[in-house]
Amino acid sequence: VQLQASGGGLVQAGGSLRLSCVASGLIFMPNTMAWYRQAPGKQRELVATVTNGGTTIYVDSVKGRFTISRDNAKNTVYLQVSSLKPEDTAVYYCNKPGVSYPWGQGTLVTVSS
């Protein structure tokens, strides 16, 4: 399994990006997929999860600003990040919660103030 995230970049505070993550090597994505992020000098944290049924869960710090979604036909998970803040600066990864697949390289989101 390979997880390839893309869509990151440098944005000003208040800006938006759409992150994508393609899971290759799978016939079906697992029931629950997630986005994580790791800020410089910090541990990786879970940001949001989405199930096959569309149920979503977000960490409090991104509620109302981030939206996770998935396209099972494309084995792709998305994260729409909006109203970005400097503290959202991090490398963003997708994976499945629990026993993870090998981590991809992630995509870097840098938010300037």
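- Ion pair Asp88/Lys85 not flagged as a salt bridge, since none of the NZ, NE, NH1 or NH2 atoms sits closer than 4.0 Å to an Asp/Glu carboxylate oxygen.
- Within a 6.0 Å sphere centred on CD of Gln38, heavy atoms belonging to other residues, nucleotides or ligands number more than 12.
- Closest non-hydrogen pair, Ser83 versus Ser16, comes out as N-OG, 4.2 Å.
- Using a distance-only test at 3.5 Å, with no hydrogens or angles considered, no donor-acceptor pair links the side chain of Asn75 to the main chain of Ser24.
- Closest of all the heavy-atom pairs between Gly8 and Thr107 is N-OG1, 2.9 Å.
- To the nearest 0.5 Å, atom OG1 of residue Thr110 and atom CG of residue Leu10 are 6.0 Å apart.
- With hydrophobic clusters built from ILVMFWY side chains whose heavy atoms lie under 4.5 angstrom apart, Tyr78 does not share a cluster with Tyr36.
- Contact detail for Arg37 and Val47: the closest heavy-atom pair is CG-CG2, 3.4 Å.
- One finds the CG atom of Leu3 at 5.5 Å from the CE atom of Met33 (value rounded to the nearest 0.5 Å).
- Cluster membership for Val62 and Tyr93, using ILVMFWY side-chain heavy atoms within less than 4.5 angstrom, is not shared.
- If you look at Trp35 and Phe66, their ring centroids are not closer than 6.0 Å.
- A continuous path of hydrophobic side-chain contacts links Val109 to Val59 [ILVMFWY only; heavy atoms under 4.5 Å].
- The shortest heavy-atom contact between Arg70 and Asn31 is NH1-O, 2.8 Å.
- Taken together through direct or relayed side-chain contacts under 4.5 Å among Ile, Leu, Val, Met, Phe, Trp and Tyr, Trp103 and Leu108 form part of one hydrophobic cluster.
- Here the shortest heavy-atom pairing between Gln105 and Val91 reads O-CG1, 3.6 Å.
- In plain terms, the two heavy atoms of Leu84 and Arg65 that are nearest each other are CA-NH1, 3.9 Å.
- More than 12 non-hydrogen atoms from other residues, nucleotides or ligands lie less than 6.0 angstrom from CD of Glu87.
- No side-chain heavy atom of Phe28 sits under 4.5 Å from any side-chain heavy atom of Asn52.
- Looking at Asp71, its side chain never comes within 3.5 Å of a backbone N or O of Thr76 through a donor-acceptor pair.
- Checking side-chain atoms of Thr89 against main-chain N and O of Val111 turns up a donor-acceptor pair under 3.5 Å.
- At distances below 3.5 Å, at least one donor-acceptor pair connects side-chain atoms of Tyr58 with backbone N or O atoms of Ile68.
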